[in-house]
Amino acid sequence: MVKRRARRTRWVLALIIVLALGLAVVLGLIYPENRSRSDPLTASDQQRATPLPPSPTGRFILGAYDSPVLEANESSPVPRIDVDRTISALQAAKVNTYAYLICPDYRANPQTSLTQLDQLPEFARRAGAAGIDVLVYLVPPTEAPEAAYQPYGWDYVRWFDHVGRLAAEQPAIKSVILDDFGGNVIARPTLNFHFTPLYTHRMTAAARRHAPGLSFLPVLYHHDLIGRHAVLSEYRHLIQGVVFPYFGYSDGRTVAGNTVDATKALSQGLEVSDALRCPRAAGCTQIVLPARNATDETVDTAVWSSTIVPMPGERRFVKVEVHDDAGSSADVDYRLQVVVDGMTVGTASRGTGWKERVFDLSAVTTRRSNAAVEVQLVRGGSGTERSRVTVQIGDIEGHGMTVDPEWTEPARMSTGLTSANTVDTPLVFMPYAVPLSAEQGQGASPAYFASVLHQMDVLRTSGRITGSLVFKLPLEHTVLGQPDPRYQILARTYTAWGPR
């Protein structure tokens, strides 16, 4: 009797554990960011990398960017980092990740980047010993005159190769960040260089020859991810995360950003994270619809097709998850429709964010043994100008029916469209602790900074972001002899967000 009761007790405990784990998944206590993922480089890429963690560093990033404490040596033409004081200040602020900037100074002194690069190995060694990860932060041609950005100028393959070699020796180096990436992927008449997908692959491959787990995080602003100038789709398979700087509303061209308006931090964070994630762990299908001029009558179509067998007595419907990167653009007019044996039975227009569109097939499949069903993404034919737009399709599910084959990939697409499989891309949120240079010291007040961090906490607790990387946290500045209040605000916030 005792043994039987013990066995029954163990069985009940096991059942409770299983039910608790299931409840945790349902409630979101086990976040998708804790699931392993594979490196997004395709099989055709010759350089294969080891699987990368959901976060670029393997843990939630409590980060700070630049603003190191400098050595007090007025005779030195190039200031050097005071490694001990910088790391002590980072530890006191509960920072677990530091973005180490390598960039020419405003005088275009080539010794500046040479000195920064020279100090990187020792800084990474000491930071690693203190439990701080290092992200090497490089700048693009729009921020660095080629002759001043020594030792490699605009040869970013060599920059990445060098960082990869250092990362192989210093395991605290986890990632390479490239500033203002979205503004440097387009050809400019004033520059003879821009980042193409092929060149970007060559950069990352050069680093991973030495450090296979080294991730690449471009800096992409809201206008690089959402709207008519979005560039993510062409580079998504080459990156392992995105650093997203928040500075109010900016279209990147005519409307300037600011560090005064904190009200959009949460809404933009949600919008950007939608562009970077998929509703299901299995991933999404990305369809890029090209720009068309007003005289182009082409009808763009992507079609998923299958044969269904209706289940008698049940409601039969098809559910489609869809998202696009057009944001509030008015000239995006694609639609989803479902066709059964050549007859259109339902149409849905686009919306913002991830939407679930449901098409009821019950009436048209009654007393049918089977039917040919197509899910169609359609745009065009109206003779109006159309912007380039990337549409993501999540799950296509049939309910009340059996489906063969499953709707996993488009069966056919019209000329000019491209398709790719995508998975979640980690999002690191960058709030500004100092004003933008154009604001001339008029923004980024402690109240503004605290408000942005508060909205970031909502994104953090909902699993929408995998880290915070504060832009130029004041590490040594004081106000009336006391530590900068923004430093104190961040220390309290990161303490609450811990553990390190």
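Along the sequence shown, the residues carry numbers beginning at 1. Every value quoted in this text rests on a predicted model; they were computed, and no experiment measured them.
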Trainee: With a 3.5 Å cut-off and no angle check, do the side chains of Tyr249 and Asn258 form a donor-acceptor pair?
Mentor: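 The criterion, which ignores hydrogens and geometry beyond distance, is not satisfied for Asn258 and Tyr249.
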Trainee: Between Leu289 and Leu417, is any pair of side-chain heavy atoms under 4.5 Å apart?
Mentor: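 Yes; the side chains approach each other to less than 4.5 Å.
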Trainee: Considering all heavy atoms of both residues, which atom of Cys278 and which atom of Asp424 are nearest to each other, and what is their separation?
Mentor: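 Looking at all heavy atoms of both residues, the shortest contact is N-OD1, 2.6 Å.
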Trainee: Show the nearest heavy-atom pair for residues Ala262 and Ser451, with the distance to one decimal.
Mentor: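 Looks like CB-OG, 3.6 Å.
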Trainee: Has the side chain of Thr259 got a donor or acceptor atom that lies under 3.5 Å from a matching backbone atom of Ala444?
Mentor: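 Flag set: sc Thr259 to bb Ala444 pair under 3.5 Å.
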Trainee: Could you report the tightest heavy-atom contact between Ala433 and Val470, atom names first, then the distance?
Mentor: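 Closest heavy-atom pair between Ala433 and Val470: CB-CG1, 3.6 Å.
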Trainee: Are the charged groups of Asp457 and Arg460 less than 4.0 angstrom apart, N to O?
Mentor: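 The answer is yes: the pair qualifies as a salt bridge.
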Trainee: Less than 4.5 Å apart, any side-chain heavy atom of Asn421 and any of Thr285?
Mentor: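 Side chain of Asn421 against side chain of Thr285, heavy atoms only: contact under 4.5 Å found.
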Trainee: For the pair Arg253 and Asp251, find out whether any cationic side-chain nitrogen is under 4.0 Å from an anionic carboxylate oxygen.
Mentor: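 Result for this pair is no, no salt bridge flagged.
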Trainee: In Å and rounded to the nearest 0.5 Å, what is the CH2 to CE distance from Trp304 to Met413?
Mentor: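 That separation rounds to 8.5 Å.
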Trainee: Check whether any side-chain N or O of Asn96 sits under 3.5 Å from a backbone N or O of Leu62 as a donor-acceptor pair, and report yes or no.
Mentor: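 Yes: the side chain of Asn96 pairs with the backbone of Leu62.
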Trainee: Under 30°, 30 to 60°, or over 60°: which ring-plane class applies to Trp497 and Tyr494, parallel, tilted or perpendicular?
Mentor: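 Taking Tyr494 first and then Trp497, their aromatic rings sit tilted (interplane angle of 30° to 60°).
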Trainee: Does the side chain of Tyr334 come under 3.5 Å of the side chain of Asp324 through a donor N or O and an acceptor N or O?
Mentor: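 Looking only at side-chain atoms, Asp324 and Tyr334 do form a donor-acceptor pair, the distance falling under 3.5 Å.
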Trainee: Which is it for Gln170 and Val134 under the side-chain contact (heavy atoms from CB on, under 4.5 Å) test, yes or no, and what are the steps along the way?
Mentor: CA-CA 10 Å; Gln170 303 294 338; Val134 176; over 6 Å; no
Trainee: Tell me whether Asp325 contacts the main-chain N or O of Thr390 through its side chain, where contact means a donor paired with an acceptor under 3.5 Å.
Mentor: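 Here the side-chain-to-backbone pair exists.
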Trainee: Could you tell me how the ring of Tyr448 sits relative to the ring of Tyr246: parallel (under 30°), tilted (30 to 60°) or perpendicular (over 60°)?
Mentor: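 It falls in the parallel class, under 30°.
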Trainee: Look only at the side chain of Ser175 and the backbone of Leu135, and say whether a donor-acceptor pair between them is shorter than 3.5 Å.
Mentor: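 The answer is no, because no donor-acceptor pair under 3.5 Å joins these two groups.
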Trainee: Under the side-chain contact (heavy atoms from CB on, under 4.5 Å) criterion, do Asp161 and His210 qualify, and how do the steps go?
Mentor: CA-CA 8 Å; Asp161 179 81; His210 313 291; 2.7 Å; yes
Trainee: Roughly how far apart are Asp82 CG and Glu476 CD, rounded to 0.5 Å?
Mentor: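 Atom-to-atom, Asp82:CG and Glu476:CD are 9.0 Å apart.
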Trainee: When you compare the side chain of Gln116 with that of Thr112, does any pair of heavy atoms fall below 4.5 Å?
Mentor: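 Yes, side chains in contact.
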Trainee: If every non-hydrogen atom of Pro474 is compared with every non-hydrogen atom of Tyr487, which pair is closest and at what distance?
Mentor: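 Looks like O-CD1, 3.2 Å.
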Trainee: Donor-acceptor pair, Gln119 side chain versus Ile81 backbone, under 3.5 Å?
Mentor: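 Side chain of Gln119 to backbone of Ile81: a pair is present.
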Trainee: Quick one, Val136 with Trp159, criterion side-chain contact (heavy atoms from CB on, under 4.5 Å). Give me CA distance, side-chain angles, the key distance, then yes/no.
Mentor: CA-CA 10 Å; Val136 179; Trp159 276 110; over 6 Å; no
Trainee: Can you classify the ring geometry of Phe193 versus Tyr156 as parallel (below 30°), tilted (30 to 60°) or perpendicular (above 60°)?
Mentor: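 Geometry flag for Tyr156 against Phe193: tilted rings.
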Trainee: I need the Tyr98 OH to Ile61 CD1 distance, nearest 0.5 Å.
Mentor: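 Those atoms lie 15.0 Å apart.
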Trainee: Without swapping roles, check the side chain of Arg464 against the backbone of Leu427 for a donor-acceptor pair under 3.5 Å.
Mentor: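 Absent.
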Trainee: Is there a donor-acceptor pair under 3.5 Å between the side chain of Glu234 and the backbone N or O of Val231?
Mentor: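 No, the answer is negative, given that no donor and acceptor are paired below the 3.5 Å cut-off.
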Trainee: Between Pro218 and Tyr235, is any pair of side-chain heavy atoms under 4.5 Å apart?
Mentor: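 Heavy-atom side-chain distance check fails, nothing below 4.5 Å.
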Trainee: Does Thr200 reach the side chain of Met203, with side-chain heavy atoms less than 4.5 Å apart?
Mentor: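 They are in side-chain contact.
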Trainee: To the nearest 0.5 Å, what is the distance between CG on Asp180 and OH on Tyr221?
Mentor: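 Here the rounded value is 3.5 Å.
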Trainee: So Trp154 and Leu191, do their side chains get closer than 4.5 Å, heavy atoms only?
Mentor: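 They are in side-chain contact.
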Trainee: Which value, rounded to the nearest 0.5 Å, describes the distance between Asn109 atom CG and Thr115 atom OG1?
Mentor: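 The OG1 atom of Thr115 is 8.0 Å from CG of Asn109, to the nearest 0.5 Å.
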Trainee: For the residue pair Leu114 and Pro151, establish whether any side-chain heavy-atom pair is separated by less than 4.5 Å.
Mentor: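 Touching, per the 4.5 Å side-chain cut-off.
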Trainee: I'd like to know if the side chain of Gln268 and the backbone of Gly248 have a donor-acceptor N/O pair within less than 3.5 Å.
Mentor: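 The answer is yes, because a donor-acceptor pair under 3.5 Å joins these two groups.
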Trainee: Quick one: does any side-chain atom of Gln440 pair with a main-chain N or O of Ser437 as donor and acceptor, under 3.5 Å?
Mentor: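 No: the side chain of Gln440 does not pair with the backbone of Ser437.
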Trainee: How long is the span from the CD atom in Gln286 to the OG1 atom in Thr422, to the nearest 0.5 Å?
Mentor: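 Rounded to the nearest 0.5 Å, the CD-OG1 separation comes to 6.0 Å.
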Trainee: Could you check His222 against Ser250 for side-chain contact (heavy atoms from CB on, under 4.5 Å), going step by step and ending with a plain yes or no?
Mentor: CA-CA 8 Å; His222 184 268; Ser250 169; over 6 Å; no
Trainee: Does the side chain of Ser233 come under 3.5 Å of the side chain of Arg388 through a donor N or O and an acceptor N or O?
Mentor: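 Arg388 and Ser233 do have a side-chain donor-acceptor pair below 3.5 Å.
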Trainee: Do the side chains of Tyr149 and Ile102 get nearer than 4.5 Å, heavy atoms only?
Mentor: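 The answer is yes, as the side chains (C-beta and beyond) meet within the 4.5 Å cut-off.
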Trainee: How close do Ile132 and Gln91 get, heavy atom to heavy atom, and via which atoms?
Mentor: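 Scanning both residues completely, I find the closest heavy atoms to be CD1-CG, 4.1 Å.
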Trainee: Evaluate the ring planes of Phe160 and Phe216, with Trp represented by its six-membered ring, and classify them as parallel (under 30°), tilted (30 to 60°) or perpendicular (over 60°).
Mentor: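 Phe160 vs Phe216 ring planes: perpendicular.
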Trainee: Hey, is the main chain of Glu321 close enough, under 3.5 Å, to the side chain of Trp354 for a donor-acceptor pair?
Mentor: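 Flag not set: sc Trp354 to bb Glu321 has no pair under 3.5 Å.
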Trainee: Could you pull out the closest heavy-atom pair between Lys264 and Asp261, with the gap in Å?
Mentor: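 Scanning both residues, the minimum pair turns out to be NZ-OD2, 2.7 Å.
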